[in-house]
Amino acid sequence: MYDFDREIDRHGTWSVQWDGIADRFGVPGLLPFTISDMDFASPPEVLAALRDRVDHGVFGYTDWRLGEFRDAIRHWYASRYATEIDPEALVYAPSVLNQLSQLLRMWTEPGDGVVVHTPTYDGFRKAVTGLGRELRGVPLGDLDALERELARPDSRMLLLCSPHNPTGRVWTGEELAAFAELAERHGAAVVSDEIHADLTTDAHRHVPWTRVAEPGRGRRWALVTSGTKAFNFPALSGSYGIVGDPDARTEFVRRMETGEGLASPAVLSLTAHIAAYRQGAPWLDELRGYVAGTMELLRERLTTGLPGVVWEPPQAGYLAWIDLRPLGIEETRLQEELVSVEKVAIMPGGVYGTPGFVRLNVGCPREKAERGVDALIRAATRLRTS
């Protein structure tokens with residue numbers, strides 16, 4: 001029904017991924033597989049709603065609490081996750097990281113520890129350390145290490161990425177319950193970034209943090225998310241959250257509307273979210289199937305092209321997190337080969353605290369994804385045999 005093979009030229013659109021490539025890699029004109037937005041057009045249902053709103057012609061101050069925005073979110077969680085949420089518990093902010101920064105200010109002090117899983121999304125690192133907090137990483141899946149870090153008296157927050165970026169891991173309900181129990185035991189607040197939740201594969205189901213928090217585990221928790229990732233409209237900005245404690249929720253809104261001066265949201269963001277959550281499910285499901293097919297193609301290419309590399313597609317998302325450590329290739333050399341010879345930009349694992357990996361964005365037409373993985377295989381093969 002939807003054409004995900006269609007290539008759309010993004011050059012000259014102020015795209016970070018395409019036009020800003022030289023800022024990160026030092027060379028213009030590379031084929032990018034970098035920042036996590038997609039090369040697909042947003043759903044036609046979303047585009048139609050945006051056109052209608054633009055045609056109205058008046059873009060005055062707006063209030064996200066008026067109209068259909070909160071009810072569209074409630075509908076999405078009920079239909080997508082069989083989860084009832086309280087629309088009164090919702091908050092709004094320009095971005096997920098903006099919400100995180102505000103919650104860090106509310107629930108931690110400079111010098112406090114914030115516990116994350118490694119590898120770690122680089123946006124977390126920037127937000128936490130930029131506010132003078134200490135980022136404390138624990139290996140993915142190591143519950144004992146997680147408890148040791150949370151038990152430190154100045155560890156004040158557990159910051160989750162659910163599903164996890166960059167690995168694409170989907171936490172089970174049992175894992176999340178264990179995280180909640182540890183956070184409550186050691187008095188740590190919990191912030192769960194769930195912006196990748198809508199992009200799980202059919203074999204895995206996302207569990208919203210609200211379901212974990214419902215039994216009453218702790219009062220300081222927040223779920224922060226947005227429809228911008230799954231439906232590919234991040235440049236419209238806009239995110240929302242669910243803050244468990246009513247007093248904390250009131251304080252969050254007060255800070256956003258007074259200290260940050262953000263009382264009026266971007267109206268086109270509200271429009272896009274409503275259309276996506278009311279009409280975008282068929283597009284999203286077809287997208288997920290298309291990305292899953294691309295991931296299978298990557299598995300086949302890597303299995304035959306790089307013997308010794310064992311890679312499985314992620315449980316969520318369009319980011320392929322590939323362990324190249326068995327090849328014994330130094331990360332800087334690989335990046336030089338990819339950029340100078342293959343003319344492609346692929347994120348090195350060191351950006352996320354784990355050198356030896358790469359993060360390859362395949363939220364794109366399959367032909368482009370093929371070019372990216374083939375370039376990676378050629379570069380790694382040359383360095384392995386040189």
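Throughout, numbering of the chain's residues begins at 1 and tracks the sequence.
Side-chain contact between Gln335 and Phe25: present, with at least one pair of heavy atoms (C-beta onward) separated by less than 4.5 Å. Taking the side chain as every heavy atom from C-beta outward, Leu287 and Met38 approach each other to under 4.5 Å. Side-chain atoms of Ile73 and Leu90, non-hydrogen and from C-beta on, do get closer than 4.5 Å to each other. With contacts defined as side-chain heavy-atom distances shorter than 4.5 Å, the pair Val224/Ser239 does not qualify. Side-chain atoms of Leu143 and Glu175, non-hydrogen and from C-beta on, never get closer than 4.5 Å to each other. Counting heavy atoms from C-beta on, the side chains of His186 and Arg152 never come closer than 4.5 Å.
For the residue pair Thr332 / Glu330, a side-chain donor-acceptor distance below 3.5 Å is found, with atom types taken as modelled. Residues Gln315 and His164 bring no donor and acceptor atom of their side chains to less than 3.5 Å of each other. Side-chain contact of Arg53 with Thr271: a donor-acceptor pair under 3.5 Å is absent, judged by distance alone. Remark: the Asp9 side chain and the Trp18 side chain contain no N/O donor-acceptor pair separated by less than 3.5 Å.
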*Report the C-alpha separation of Asp193 and Thr225 in whole Å, then their side-chain angles, then the decisive distance to 0.1 Å, and conclude whether the side chain to side chain contact (heavy atoms under 4.5 Å, CB included) test is met.*
CA-CA 6 Å; Asp193 173 357; Thr225 191; 5.7 Å; no
_Criterion ring pair (Phe, Tyr, Trp, His ring centres under 6.0 Å) on Phe179 and Trp171, from CA distance to verdict_ = CA-CA 10 Å; Phe179 298 162; Trp171 302 110; 5.0 Å; yes
_Steps toward side chain to side chain contact (heavy atoms under 4.5 Å, CB included) verdict (Arg220, Asp245)_ = CA-CA 6 Å; Arg220 293 183 306 151; Asp245 178 58; 5.9 Å; no
*Could you walk me through whether Ser192 and Glu194 pass the side chain to side chain donor-acceptor pair (under 3.5 Å) test, one step at a time?*
CA-CA 6 Å; Ser192 181; Glu194 304 188 7; 2.8 Å; yes
*Dump the intermediate steps for side chain to side chain contact (heavy atoms under 4.5 Å, CB included) on Leu236 and Leu50, then the final yes or no.*
CA-CA 11 Å; Leu236 295 181; Leu50 290 171; 4.1 Å; yes
_Before you tell me yes or no, could you show the steps for Asp202 and Arg288 under side chain to side chain contact (heavy atoms under 4.5 Å, CB included), namely the whole-Å CA-CA distance, both residues' side-chain angles and the distance that decides it to 0.1 Å?_
CA-CA 8 Å; Asp202 288 343; Arg288 290 166 54 247; 2.8 Å; yes
*asked:* Applying side chain to side chain donor-acceptor pair (under 3.5 Å) to Asp198 and Tyr81, what does each step give before you reach the verdict?
replied: CA-CA 10 Å; Asp198 296 329; Tyr81 302 112; 2.3 Å; yes
_I'd like to know whether Trp107 forms a side chain to side chain donor-acceptor pair (under 3.5 Å) with Asp112, so could you lay out the CA-CA distance, the side-chain angles of the two residues, the decisive distance to 0.1 Å, and finally the verdict._
CA-CA 10 Å; Trp107 290 340; Asp112 285 346; over 6 Å; no
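Using a 4.0 Å cut-off between charged side-chain N and carboxylate O, Arg254 and Glu251 make a salt bridge. Contact check on Arg136 versus Glu134 returns a salt bridge, with a Lys/Arg side-chain nitrogen under 4.0 Å from an Asp/Glu carboxylate oxygen. A salt bridge links Arg301 with Glu370: the closest approach of a Lys/Arg side-chain nitrogen to an acidic carboxylate oxygen falls below 4.0 angstrom. Using a 4.0 Å cut-off between a side-chain N of Lys or Arg and a carboxylate O of Asp or Glu, Asp39 and Arg6 do not qualify as a salt bridge. The residues Asp374 and Arg371 are annotated as not salt-bridged, no charged nitrogen and carboxylate oxygen being separated by less than 4.0 angstrom. In this structure, Glu296 pairs ionically with Arg299, as a charged nitrogen and a carboxylate oxygen lie closer than 4.0 Å. Looking at Glu342 and Arg382, a side-chain N of the basic residue comes within less than 4.0 Å of a carboxylate O on the acidic one, giving a salt bridge. Residues Glu109 and Arg133 are not paired through a salt bridge, judged by the lack of any N-O separation under 4.0 Å between the basic side chain and the carboxylate. Using a cut-off of 4.0 Å between Lys/Arg side-chain N and Asp/Glu carboxylate O, Asp86 and Arg70 are scored as not salt-bridged. Salt-bridge annotation for Arg333 and Glu337: absent, with no side-chain N of the basic residue lying under 4.0 Å from a carboxylate O of the acidic one.
Between the CG atom in Leu376 and the CD1 atom in Ile322 there is a gap of 5.5 Å [rounded to 0.5 Å]. Here the straight-line distance linking atom CG of Leu150 with atom CZ of Arg156 works out to 12.0 Å at 0.5 Å rounding. Annotation: the span from Leu284 atom CG to Arg80 atom CZ amounts to 4.5 Å, rounded to 0.5 Å. Distance check: Ser269 OG to Phe69 CZ gives 6.5 Å after rounding to the nearest 0.5 Å. Going from atom NE2 of His11 over to atom CG of Asp19 covers 6.5 Å, rounded to the nearest 0.5 Å. The distance from the OH atom of Tyr92 to the OG atom of Ser226 is 8.0 Å, given to the nearest 0.5 Å.
A cation-pi arrangement is present between Arg366 and Tyr290, with the terminal nitrogen or guanidinium carbon under 6.0 Å from the aromatic centre and inside a 45° cone about the axis. A cation-pi arrangement is present between Lys368 and Phe33, with the terminal nitrogen or guanidinium carbon under 6.0 Å from the aromatic centre and inside a 45° cone about the axis.
The nearest pair of heavy atoms linking Met295 to Ala320 is CE-N, 4.0 Å. When all heavy atoms of Pro163 and Thr200 are compared, the pair lying nearest together is CG-CG2, 4.2 Å. Residues Ala180 and Val212 share a closest heavy-atom pair of CB-CG1, 3.4 Å. Asp63 and Arg65 make their closest contact through OD1-N, 2.9 Å (heavy atoms, listed as atom of the first residue, atom of the second, distance). Minimum interatomic distance between Thr201 and Pro314 (heavy atoms only, all atoms of both residues): CG2-O, 3.6 Å. The shortest heavy-atom contact between Ile242 and Trp221 is O-CZ3, 3.6 Å.
In this structure, the side chain of Asp5 does not engage the main chain of Pro365 through any donor-acceptor pair within 3.5 Å. At least one donor-acceptor pair under 3.5 Å links the side chain of His273 to the backbone N or O of Gly227. For Arg359 (side chain) and Leu319 (main-chain N/O), no donor-acceptor pair under 3.5 Å exists by modelled atom type. Between the side chain of Thr62 and the backbone N or O of Ser264, no donor-acceptor pair lies under 3.5 Å. Distance alone, capped at 3.5 Å, is enough to place a donor-acceptor pair between the Ser155 side chain and the Glu149 backbone. Checking side-chain atoms of Glu286 against main-chain N and O of Tyr2 turns up a donor-acceptor pair under 3.5 Å.
Residues passing the salt bridge (charged side-chain N to carboxylate O under 4.0 Å, His left out) test with Glu45: none are found, sequence neighbours excluded.
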Only distances under 3.5 Å count here; give the side-chain donor-acceptor pairs of residues 113-128 to other protein atoms, sequence neighbours excluded, each with its distance to 0.1 Å.
| unit_1 | atom_1 | unit_2 | atom_2 | d |
| --- | --- | --- | --- | --- |
| Thr118 | OG1 | Val138 | O | 3.1 |
| Thr120 | OG1 | His117 | O | 2.8 |
| Arg125 | NH1 | Val351 | O | 2.9 |

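In this structure, His75 has its ring center no closer than 6.0 Å to that of Tyr277. Aromatic ring centres of Trp283 and Phe40 lie farther apart than the 6.0 Å criterion allows. Checked against the 6.0 Å centroid criterion, the rings of Trp76 and Tyr240 do not qualify as a close aromatic pair.
In the hydrophobic clustering, where aliphatic and aromatic side chains (Ile, Leu, Val, Met, Phe, Trp, Tyr) are joined below 4.5 Å either directly or transitively, Tyr61 stands alone.
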